[in-house]
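To start, the structure under review is shown below, and the notes come after it.
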Amino acid sequence: MLTLKLIQEQPEFVIERLKVKNFDATVLVGQINQLNIQRRETQAKVDQLKAEMNNLSKQIGQLFKEKKNDEANSAKEKTFLLKDEIKELDVTFADIDKQLSSLLVQLPNIPHKLVAPGKNEADNVEIRRGGEIPQLYDGKKPHWDLIQQYDIIDFELGTKLTGAGFPVYKGKGAKLQRALISFFLDEGEKSGYNEVMPPILVNEDSGFGTGQLPDKEGQMYHATADNLYLVPTAEVPVTNIYRDVIVDENSLPIKNMAYTPCFRREAGSWGAHVRGLNRLHQFDKVEIVQIANPENSYQQLDEMVAHVEAIISKLGLPYRIIRLCGGDISFTSAMTYDFEVYSAAQERWLEVSSVSNFESFQANRLKCRYRGKEMKKPELVHTLNGSALALPRIVAALLENNQTPEGIKIPEVLVPYCGFSIIS
RNA sequence: GGAGAGUUGGCAGAGUGGUCGAUUGUGGCAGUCUCGAAAACUGUUGUCCGGGCAACUGGACCGGGGGUUCGAAUCCCUCACUCUCCGCCA
């Protein structure tokens with residue numbers, strides 16, 4: 001969420017910038033600032049009363065010590081009224097505070113200057129392309145046919161075991177998954193990311209910290225008996241490592257990565273475009289996460305983009321990098337680059353990575369700050385994350401783009417990981 | 001799952017219900033000494049929310065929440081977590 005300070009000091013700026021996201025914040029900002037004033041006034045009153053109370057209590061203690069019990073008892077009488085007043089104001093304060101928080105989480109993050117205004121994905125800005133779209137032979141097939149032909153991924157079996165959107169990877173299909181995960185992690189390590197293996201069930205606080213709760217509650221699978229949520233992305237546990245943490249300026253940027261399965265309910269979003277591996281309830285992903293100094297977080301974002309671009313290039317997939325416009329960028333993000341690879345039999349671009357700078361938006365919720373030598377007070381860090389990469393659509397593109405009449409060729413870089421060079 | 005013991009500042013570890021935000025040690029930072037360092041000595045050292053240009057100052061925080069009391073780190077209830085023993089188990 002945005003900081004109260006910013007909303008209070010530069011309300012016009014907030015309103016103006018959020019227009020890029022097609023969000024009219026006028027009313028909300030006004031309400032927040034008004035509530036904030038009420039909150040401060042109430043606190044001033046409460047604090048004053050509490051100061052009086054503290055004083056009286058000290059006096060009473062002193063009187064009892066001096067055996068002046070009568071005086072002490074009459075002093076006690078005075079506290080009763082005060083006590084009631086404090087209790088009442090405390091309730092008022094808590095109420096205002098609660099209202100304020102509930103309004104505060106409704107404001108989206110302010111987009112970066114470079115983010116173009118726009119309605120939807122049609123207004124996104126293509127940054128660059130790489131790789132070559134392969135010319136396939138006449139009998140080319142979409143991946144959902146290929147996986148059946150070679151018996152490497154089984155959707156029906158997954159449906160039997162769990163339900164739609166939970167495929168079973170078999171034989172070379174399973175091995176390809178493992179190979180990709182290892183490849184991605186090794187590449188991440190070369191780029192200086194520290195590998196972590198977090199829990200894939202998280203609690204409510206973690207869900208709130210990265211912004212999945214309360215807004216996107218329906219996106220996550222909820223284990224109600226223990227009130228835990230299956231992670232929709234490793235971003236949640238890996239970023240929440242730094243919840244309520246003050247890090248040293250010298251340790252920045254902190255670069256972590258994790259492989260986890262990811263679970264998404266995707267309620268109501270099933271349709272024509274989501275056949276095969278294009279959209280799943282469970283999939284595998286390697287996520288990179290950075291905790292950065294606000295001064296250079298955009299350099300770090302570029303670094304992450306370069307990292308993802310390098311991996312896709314090594315896999316030999318044609319790709320394009322897109323900077324999302326205001327209408328397409330997420331609630332929490334200040335700037336997002338999407339990576340899409342071309343899937344040559346479906347003849348469409350598939351999103352395989354999304355790399356974002358959240359600036360201090362998540363950090364404010366997480367209460368993750370950094371302290372520098374010259375700083376009087378700790379300040380909020382910037383958090384960034386990106387997929388590097390999500391597997392299913394990469395697999396779809398690999399299968400489709402590398403199909404030949406003899407079988408599916410495995411990219412050079414993956415052969416050592418797979419132990420085979422063709423699926424036939 | 002059963003029984004018991006815990007949870008205090010970066011860490012370790014005190015704390016008869018009344019100047020306890022909290023003794024002390026250690027670590028961190030600054031200084032003295034030194035060519036430099038170590039050692040020693042001195043000082044300093046939490047976070048959040050208010051007020052103030054500032055010095056400073058009011059309030060809150062001793063796992064979370066609630067309660068008793070004029071007053072709670074200290075007493076009570078509750079939840080969470082940690083440890084030990086037993087049981088179960090990949």
Side-chain angles (χ1 to χ4, degrees), chain A residues 1-9 32-104 197-209 213 223-229 237 240-252 254 261 291 360 363-381:
Chain A
M1 57 189 172
L2 298 175
T3 60
L4 256 179
K5 204 177 165 207
L6 179 72
I7 299 167
Q8 183 191 324
E9 288 173 1
I32 288 169
N33 280 332
Q34 202 183 337
L35 268 176
N36 192 26
I37 291 167
Q38 277 183 45
R39 184 179 177 278
R40 234 184 344 220
E41 283 171 353
T42 311
Q43 193 192 345
K45 275 187 221 156
V46 177
D47 284 357
Q48 195 196 332
L49 293 180
K50 282 185 179 171
E52 276 179 51
M53 192 72 175
N54 288 343
N55 254 325
L56 270 176
S57 293
K58 266 181 205 166
Q59 284 173 29
I60 291 169
Q62 194 58 36
L63 289 172
F64 273 126
K65 225 176 232 172
E66 291 165 9
K67 304 278 182 203
K68 299 175 179 167
N69 287 11
D70 289 346
E71 281 182 54
N73 282 321
S74 68
K76 262 198 204 178
E77 308 268 330
K78 281 196 248 171
T79 65
F80 297 143
L81 196 70
L82 253 181
K83 212 180 171 183
D84 285 345
E85 260 183 278
I86 289 172
K87 213 168 197 172
E88 203 178 310
L89 270 179
D90 262 340
V91 172
T92 309
F93 181 82
D95 187 52
I96 291 171
D97 200 49
K98 198 177 158 192
Q99 281 184 52
L100 193 55
S101 310
S102 74
L103 292 183
L104 223 39
M197 198 179 257
I200 57 178
L201 279 166
V202 294
N203 59 28
E204 248 177 310
D205 286 346
S206 295
F208 180 80
L213 296 175
T224 50
D226 299 286
N227 197 24
L228 296 174
Y229 294 86
N240 271 282
I241 292 172
Y242 299 93
R243 171 155 45 86
D244 294 319
V245 169
I246 298 175
V247 297
D248 192 284
E249 186 176 26
N250 296 323
S251 66
L252 300 176
I254 297 169
I291 308 291
S360 62
N364 191 30
R365 279 198 181 194
L366 291 163
K367 294 197 180 66
C368 176
R369 290 159 294 174
Y370 74 103
R371 193 203 309 274
K373 225 175 173 184
E374 306 301 322
M375 295 163 59
K376 213 171 171 186
K377 281 190 161 195
E379 281 177 30
L380 295 171
V381 297

Of the listed nucleotides (B/C49, B/C70, B/G59), which one gets closest to any side-chain atom of A/Ala51?
B/G59
Short side-chain N/O contact from A/Arg369 to OP1 or OP2 of B/C48, under 4.0 Å
yes
Dump the intermediate steps for side-chain contact (heavy atoms from CB on, under 4.5 Å) on A/Arg243 and A/Lys367, then the final yes or no.
CA-CA 6 Å; A/Arg243 171 155 45 86; A/Lys367 294 197 180 66; over 6 Å; no
Does this structure show an ion pair linking A/Lys50 with A/Asp90, if we count only N-O contacts that are shorter than 4.0 Å?
yes
Check each residue of residues 80-95 of chain A for a non-hydrogen atom within less than 4.0 Å of any atom in RNA chain B, then write out the ones that pass by number, or none.
A/Phe80, A/Lys83
Below 4.0 Å: OP1/OP2 of B/A60 and any side-chain N or O of A/Asn54:
yes
Just call it for A/Ile60: base, sugar-phosphate, or nothing, with non-hydrogen atoms closer than 4.0 Å on any strand.
base
Upstream residue (5' side of RNA chain B) when A/Gln48 and A/Gln62 are each assigned their closest nucleotide:
A/Gln62
Tell me if the side-chain of A/Asp47 makes a donor-acceptor pair with the base of B/G59, cut-off 3.5 Å, by modelled atom types.
no
Between B/G59, B/U47, B/C70, which nucleotide gets closest to the side-chain atoms of A/Thr79?
B/C70
Check the side chains of A/Asp248 and A/Asn250 for a donor-acceptor pair under 3.5 angstrom, ignoring hydrogens and angles.
yes
Short side-chain N/O contact from A/Arg371 to OP1 or OP2 of B/G46, under 4.0 Å
no
Closer than 4.0 Å, any side-chain N/O of A/Arg40 to the OP1 or OP2 of B/G51?
yes
Both distances under 3.5 Å, Watson-Crick or G-U wobble: report the partner of B/A38, or none.
none
